[in-house]
Every structure is written in structure tokens, then in C-alpha cells.
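Written below as C-alpha cells is the structure these notes are about.
Residue numbers start from 1 in every chain, and the chains themselves are labelled A, B, ... in the order their sequence lines are given, proteins ahead of strands. A quick note: this is a predicted structure, and the numbers were derived from the prediction, not measured.
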Amino acid sequence: MRLYNTLTRSVEPLVLRDPGRLAMYVCGPTVQDAPHFGHARAEIVPDVLRRYLEWTGVEVFHVRNITDVDDKIIARADREGRDAAEVAERYGRLFTEQMARLGVLPPHVAPRATGHILEMIELIERLIANGAAYEAAGDVLFRVRSFDGYGKLSGRRVDELRSGARVEVDERKDDPLDFALWKAAKPGEPSWASPWGRGRPGWHIECSAMAGRYLGANFDLHGGGADLVFPHHENEIAQSEAATKEPFARHWLHNGMLTLRGEKMSKSVGNVVTLVDALDRYGADVIRFFFLAVSYRSPVDLSEERLAEAAAAIDRWQAFLRAAARLDVEPADAGPGATARQAFSAALEDDLGTPAAHAALFDLVSAGNAQLAAGDQAAAAVSRDALRELAGVLGYGLSDHSSTTDRVSPLVEALLELRDEARARKDFVTADAIRARLSAAGVVVEDSRDGARWHLS
RNA sequence: GGCCGGAUAGCCAAGUGGUAAGGCAGGGGACUGCAAAUCCCCGAUCGCGGGUUCGAUUCCCGCUCCGGCCUCCA
């Protein structure tokens with residue numbers, strides 16, 4: 001498969017360190033607040049990559065960290081008069097829950113920063129020993145100019161960085177570009193013992209430490225939001241490579257930002273839509289479609305209109321699955337299923353082309369509906385099975401079923417029998433009244449050649 | 001100011017050196033007691049100006065506009 005690599009700024013083959021196995025690290029959230037809609041994208045993109053590769057037989061080892069110590073978490077805890085760990089625990093749990101609702105496969109390891117303080121200290125000690133870091137009044141700073149490759153990921157040059165610098169002046173720094181690996185504890189803050197006194201880790205070092213711990217050096221793929229390219233990922237590379245003298249990650253994958261009215265969704269801009277609300281309102285499949293309808297690298301603008309379109313698309317797929325649900329026939333061989341599979345795979349092989357993969361699914365639905373219309377049940381069954389399978393590779397559940405469906409089913413069926421009887425004697429007033437009452441109760445009735453079908457709206 | 005990316009039909013969005021997938025909306029037709037669902041048909045010469053080429057939307061240069069990063073951020 002070919003993927004855009006931020007490091008080389010080109011689409012290139014994804015070459016695995018161990019053939020058949022992908023070692024992937026994805027930057028997770030800082031658990032300072034409820035996850036928002038943008039976080040969903042950063043999880044769905046690697047989720048699709050993982051599902052697709054697993055479908056092709058690759059074994060994926062997926063690590064996603066949780067940043068559970070940081071300035072904002074501490075600030076929030078102070079505001080609420082709570083412990084920082086409590087705040088982190090609350091939002092970490094919420095994040096995990098919402099990702100499960102979204103249908104994102106859980107990572108194999110979900111390390112927390114506070115659980116890896118020792119690894120970080122070891123890494124910092126190596127950097128100091130190498131001359132890449134220095135202690136200053138209880139802080140430890142990374143010496144940016146000691147690392148030749150600094151800027152290779154984000155395309156920046158150290159000297160240019162300096163001129164435009166909005167970096168705050170700090171006398172303890174030998175160079176304004178240097179960044180903190182370890183921060184001396186301030187009163188009341190969570191802190192850990194270290195060779196430099198009590199303190200807490202800087203943001204960037206945790207990913208270097210945890211990626212190294214679980215994936216080793218020179219692992220296959222590192223992902224995250226495009227807003228992390230600089231400085232976070234640049235700094236991760238610097239720290240890791242300065243310490244190990246080996247390449248950190250070979251392939252860098254960055255998802256584009258979610259915007260709202262053209263502006264990036266973020267807490268600081270103040271335009272966030274929480275994921276809880278979005279899931280309540282639209283459900284996992286619609287949100288997933290909304291994101292996958294666009295290249296993972298492009299920005300996507302959130303709007304009611306786009307979400308309505310996504311909902312219409314999911315409805316169309318589900319409508320076909322409902323129509324073809326009861327086909328109890330020997331699926332005919334290959335045919336349209338094979339064509340769709342080929343188009344689908346080709347799309348994803350080419351830089352995770354989910355829009356084109358969607359097109360393959362729409363073609364399958366169109367073909368399947370036409371097959372049903374033509375009475376070709378065996379072919380329709382093939383289309384149905386292929387749709388289920390391929391949509392599943394993208395992480396769609398497409399489930400029409402809920403416990404509510406099961407519970408109301410006997411009632412609805414009984415009413416539909418009455419309606420059938422009314423229709424048989426051309427009593428359309430009664431028939432339409434039943435349909436209208438069901439509709440008002442959220443049950444959509446659709447007549448077909450083989451009788452009425454229904455589903456919850 | 002620097003770096004990265006983008007500009008394709010009413011809207012969203014793929015893609016290709018040889019006249020452009022898919023979806024939504026819209027129009028027409030079919031089916032149907034009606035409705036819904038479904039099927040068939042209908043739409044763009046690809047931001048602007050140059051250049052390379054037999055030929056560019058696709059490559060190169062410039063311009064304009066937009067987004068992201070340069071501070072915490074998925």
C-alpha cells in the first residue's frame with residue numbers, strides 16, 4: 001500500500017520493519033476535557049488504516065497514549081478543587097467510552113504518561129549523557145541545536161525558527177529554541193522524584209519514551225493530527241534519535257483538521273462540538289461517513305448539511321441491506337462482488353482513498369438494487385454480502401437492529417397485519433392511518449412486492 | 001514574514017498528460033391506491049495569467065484567495 005509520508009512529503013510504499021506486521025503509534029488525547037468532534041477524526045483515520053491492513057492479513061500492533069499530566073489538567077483540577085489525577089481519570093474514561101461508541105478498535109496498548117515516568121527519566125539521562133540535554137534549575141532542557149536533523153519533519157530550518165520566534169524568553173535556556181524535557185515541580189503540582197529533584201515530564205518526552213518502550217526504534221508508522229507536526233512530532237524525533245542514534249519512526253501519517261465555519265475546531269478557539277453530543281445525535285456510522293467522504297489529509301468543515309448527506313448515504317446502504325436481508329439463496333459466485341472488492345482495495349491501497357472506496361460501495365448498492373428490481377436474487381445476495389464485508393472493513397456497523405427493534409417487533413408486525421387486511425379490502429383510510437400512527441411513533445413503513453418492510457427512523 | 005497543503009458542477013468530493021469517479025440537492029420518466037424505497041435518463045472543460053507539450057484540469061513559474069503550523073492543540 002502507498003501512503004503519504006510527512007517526512008518525505010510524498011506518497012510512498014508503506015514498508016514494514018517485519019513483513020506482515022505493522023507497528024503503529026498514534027498520539028492520543030490530553031485528557032483535560034470531554035473529547036470533541038475533531039478527536040473522532042484522529043481516531044477514525046488510523047482505525048481505518050488498521051482495519052484495512054488487518055483485512056489484508058497484516059498483523060497490526062497499535063499503541064495510543066493518554067497524556068494524563070499537563071498544565072491544563074492541573075489548571076482544571078485547581079479550578080474544580082480536585083486532584084489532577086481525578087480529572088485525568090474522568091476524562092480518560094470518557095474518551096475511551098466514546099471511542100468504543102464510535103466503533104474505533106481499542107489499541108493493543110494504551111499507555112499513560114504517569115505510568116511511564118521511569119522510562120522518561122531514563123531517556124532524559126541518556127540525553128544528558130549525550131550532551132543533547134542539560135539541567136537548569138531543576139528543569140531539564142533539550143538542546144535543539146545539538147540535533148542535526150531538527151526540522152526535517154516539519155520542513156523548518158533552525159535559523160528561521162529563531163527569527164520569527166514567539167518563543168518566550170527564558171533565562172535558563174541556553175537557546176530560546178530549547179524545550180523542556182522535565183519541569184521542576186511548583187508548589188501544589190503533581191510531581192515525581194527524579195535525579196534533578198521533584199518534577200514532572202514535559203509533553204514531548206512521554207511519546208518518545210512510550211513509543212520506544214512498546215515499539216522499539218525504527219518502528220513503522222507514527223500518526224497524529226496535522227497540528228502535532230510541529231513542534232510535538234519534531235521534538236519527539238529529536239529526543240528519540242538523539243538518545244538512540246537510530247531512526248525513530250519511518251512513516252509519518254497526519255490527519256487534516258476538522259474546521260467549523262472554516263476555522264479549526266479547538267478549545268482555544270472555543271468552537272468545539274463534543275463527541276458525546278454528536279454521537280447522541282448522529283450515531284457512529286454517520287460520523288464515520290462524514291470523515292471518510294474526504295481524503296484524510298484534507299481539512300473538513302463540519303456542517304449540518306454535510307452530516308445530513310452522510311446520514312442519507314448511510315440510510316441508502318441500510319435500505320438496500322434491509323431489502324436484501326431476507327434473501328435466502330445460494331449467493332452466486334464472484335461477479336459484482338469481485339469487481340467491487342478490486343475497486344475498493346485499489347482505492348485504499350492508494351493513500352487510503354476512502355472517498356473512492358465509498359464510490360465502490362455506492363456502486364455495489366446501485367447494482368444490488370438493480371438486481372433486486374430485476375429479480376436476480378442470487379446476484380443481489382452477492383452484492384449484499386460484499387457490501388457488508390467491505391463496509392465492515394471501513395468500520396461501519398450498518399446495524400438496523402437495536403433492542404428497541406426487537407422489543408417492538410411483535411407489536412409492529414401485528415399492526416402491519418391489520419394494515420394488510422385493510423389494504424386487501426381497499427380500505428386505504430384505515431391503512432394510511434395505521435401507517436401514519438406508526439410513523440409518528442418512529443416506525444417507517446415501506447411497501448414492497450413481498451409485503452411491507454419497516455424500520456425505526 | 002517562513003514552512004506545509006488546497007482551489008474541480010448548486011453543494012460535498014475523487015481523479016487523470018489525450019476532453020472528469022461517487023454522493024447530496026434538482027429536473028424528467030417507470031413502478032405504486034397513496035407515500036416511501038427502488039430503477040432508468042439529464043449537469044462541470046477543472047481559481048487567474050504565462051510556459052513546456054502534438055495535446056494540460058493534470059507538469060513548471062507567477063498571482064489571487066482559503067486552511068493548517070510557527071504558542072497549548074487530534
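A:Arg93 and A:Glu89 are joined by a salt bridge, as a carboxylate oxygen and a charged side-chain nitrogen come within less than 4.0 angstrom of each other.
Evaluation of atom-type donor-acceptor distances gives no pair under 3.5 Å for the side chain of A:Asp301 against the base of B:G67. Residue side chain A:Arg423 reaches the base of B:G33 through a donor-acceptor N/O pair under 3.5 Å, judged by distance alone. Evaluation of atom-type donor-acceptor distances gives no pair under 3.5 Å for the side chain of A:Asp227 against the base of B:C72. Not a single donor-acceptor contact under 3.5 angstrom links the side-chain atoms of A:Arg9 to the base of B:C4.
In this structure, A:Phe362 forms no aromatic stack with the base of B:G22, since the conditions of centre separation below 5.5 Å and plane angle below 30° are not both met.
Counting only heavy atoms from C-beta on, A:Met257 has its side chain closest to B:G68 among B:A36, B:A14, B:G68. In this structure, of B:A21, B:C12, B:C4, it is B:A21 that holds the atom nearest to the side chain of A:Pro355. Taking the side chain of A:Asp363 as heavy atoms from C-beta on, and the options B:G22, B:C72, B:C4, the nearest nucleotide is B:G22. The side chain of A:Arg156 sits closest to B:C3 out of B:C39, B:A74, B:C3. The side chain of A:Arg306 approaches B:C12 more closely than any other nucleotide in the set B:C70, B:A14, B:C12. Of the candidates B:G22, B:A74, B:C11, the closest approach to any side-chain atom of A:Leu258 belongs to B:A74. Nearest to the side-chain atoms of A:Phe230 among the listed nucleotides B:C69, B:C11, B:A36 stands B:C69. The side chain of A:Ala373 has B:C39 as its nearest neighbour among B:C72, B:C39, B:C4. Of the candidate nucleotides B:A35, B:A13, B:C24, B:A13 has the atom lying nearest to any side-chain atom of A:Val294.
Taking a pair to require two hydrogen-bonding distances under 3.5 Å in either a Watson-Crick or a G-U wobble arrangement, B:G62 pairs with B:C48. Base pairing analysis places B:U71 opposite nothing; no Watson-Crick or G-U wobble pair with both distances below 3.5 Å involves it.
Checked by atom type, the side-chain pair A:Tyr150/A:Asn235 shows a donor-acceptor distance below 3.5 Å.
Closest approach of A:Met120 and A:Ala209 over heavy atoms only: CG-CB, 3.5 Å.
The gap from the P atom of B:G5 to that of B:C59 amounts to 13 Å, rounded to the nearest Å.
Taking the six-membered ring for Trp and thresholds of 30 and 60 degrees, A:His222 and A:Tyr25 have ring planes inclined between 30 and 60 degrees apart.
Inter-residue side-chain proximity for A:Thr96 and A:Met99 is flagged as unmet; no heavy-atom pair is nearer than 4.5 Å.
For the pair A:Arg297 CZ and B:A14 P, the interatomic distance rounds to 10 Å; values are reported in whole Å.
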